[in-house]
Structure formats: structure tokens, C-alpha cells
Amino acid sequence: GQQLNQSPQSMFIQEGEDVSMNCTSSSIFNTWLWYKQEPGEGPVLLIALYKAGELTSNGRLTAQFGITRKDSFLNISASIPSDVGIYFCAGPKDSGAGSYQLTFGKGTKLSVIP
Amino acid sequence: GAGVSQSPSNKVTEKGKDVELRCDPISGHTALYWYRQRLGQGLEFLIYFQGNSAPDKSGLPSDRFSAERTGESVSTLTIQRTQQEDSAVYLCASTWGRANTEAFFGQGTRLTVV
């Protein structure tokens, strides 16, 4: 499956700093999903976005569905050590016959320095 | 079940042996994905099942890899004549397969080939 482009690939930040990461595609998406994967676990859904321009928060996390529908951003405010993990974006692409196949980015690996 | 269940959680096998990994998706989910994840890396798409449609096998790395799914239930991923480079976590996810869908992941099977 075609992958989305996530940046940065990795980042090291100090505890308390804000974090911003993004995901871009050459194709339009009608849904954007953001996942977090902690070491030794499967990815867990953080935020789902369904409408262009939508801004959705989940605690210290905020995600936005880009107006062009070709990008999305995830921000984490006041980072803490438990924010460590890999963050993935995903979006469904029409695979025909009324079904949709999810495409995932390669992830942004976040490290937080206490 | 309440979530996606994968078994075994860990598997150690000798090089050259065949292994079979199992995924029980969330009941009613028509779409199922297999991904491979090497240590500290992103998700590598392997195969996608959607209902009774022909699966998308475009991500399978070699003919040693195959997967089956019975209807909209259990899926098995088989790796024949395992090699050390097959060592990775194999993740399964399931979803309704619709445009506004959200995928849910299992905990993964950690495969070690010695």
C-alpha cells in the first residue's frame, strides 16, 4: 500500500516542550487518523478527523485536518515522559466496490528528555 | 471479542522452520490488515483482506509469506522456511472497511528466528 509522508522521522525534546508533527499525501483523504504506539504494544487510536479544517483535541493532543485534505497535523502540548512512542498517521483510500483500504505513514518517533 | 486478538504473543523458531501466526479480528469487521514492524521502525504493509474480495497481497516480501482469511473471521499469516531477517513484530488490525472507519490493532506477535 502507498504510504503517507510523515515528518519529522524522529525528534528529541525536553519535558514540558510542545511538539508538532505532520503528515502529507499527494492524494486527497476524507478521514485522517492519528495513532500512538508505545514500546511493546500495538498502535492505539488517539484522534480521528472527518472534515476538512476540523480541529480536534484529546487532552494535551490537538490534531487538524488540513483544508486541502492532503495533510494533517498533530500537536502535543507540555510534553511528559509518557508521551514517548511512535506516532502514526493513517487515511483510507478507496479500494473499489465501496470499500476503503487504510494507508499508514512510517511514523514519527518521539523521545522526551526528563 | 472486545478487541483484536493475536497469538502467540511471542514465538521463537529455528531458521528454516515454518511458522503460523493467528489474528482474531473484532467481530463484524470486514477488513483485516497484516503489518510487519522491525525494531524501532514503522509499519510495513503486508496484506489486506476486505470481505470476499481478492486480497491485496502487494506488500508480501517474498513467496515464503502467505496469508489466509476465512470469511470475515480469523486470519493466519504463514511464513515458510523462516530466515533471520523475518524477525520482527507482526501486527494485525481490523476495521469496518468503510470510508469513516477506524482501525484497531492487536498487541502483535513478536517473532524471533534463531
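Chain letters run A, B, ... following the sequence lines, proteins first and then strands; every chain starts at 1.
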Side chain, backbone, both or neither of A:Gln9 within contact of chain B (heavy atoms, under 4.5 Å): neither
Check: A:Gln37 and B:Gln37 side chains under 4.5 Å, non-hydrogen atoms: yes
Single-linkage hydrophobic cluster, 4.5 Å side-chain cutoff, B:Val4 and B:Ile47 together: no
Atom pair CD/OG1 of B:Glu102 and A:Thr31 - distance to nearest 0.5 Å: 8.5 Å
Chain B contact via A:Tyr35 - which portion, at a heavy-atom distance below 4.5 Å: side chain
Co-membership, hydrophobic cluster, residues B:Phe49 and B:Leu91, 4.5 Å side-chain: no
Point-to-point distance, once rounded to the nearest 0.5 Å, from OG1 of A:Thr103 to CG of B:Leu43: 11.5 Å
Over 12 non-hydrogen atoms of neighbours within 6.0 angstrom of NZ in A:Lys109: no
Approximate separation, where rounding is to 0.5 Å, of A:Glu41 CD and B:Phe105 CZ: 13.5 Å
Options B:Ala31, B:Ala103, B:Gly42, ranked by heavy-atom pairs under 4.5 Å with chain A, top entry: B:Ala103
Whether over 12 other heavy atoms sit under 6.0 Å from A:Gln14 CD: yes
Approximate separation, where rounding is to 0.5 Å, of B:Tyr35 OH and A:Leu102 CG: 6.5 Å
B:Glu68, CD: over 12 other non-hydrogen atoms inside 6.0 angstrom: no
same_hphob_cluster(A:Ile47, A:Phe29) at 4.5 Å side-chain heavy-atom cutoff: yes
Audit row: A:Phe104, B:Tyr33, side-chain contact (heavy atoms from CB on, under 4.5 Å) steps and yes/no: CA-CA 11 Å; A:Phe104 281 83; B:Tyr33 302 77; 5.6 Å; no
Residues that B:Glu85 engages under salt bridge (Lys or Arg N to Asp or Glu O under 4.0 Å), provided they are two or more places apart: none
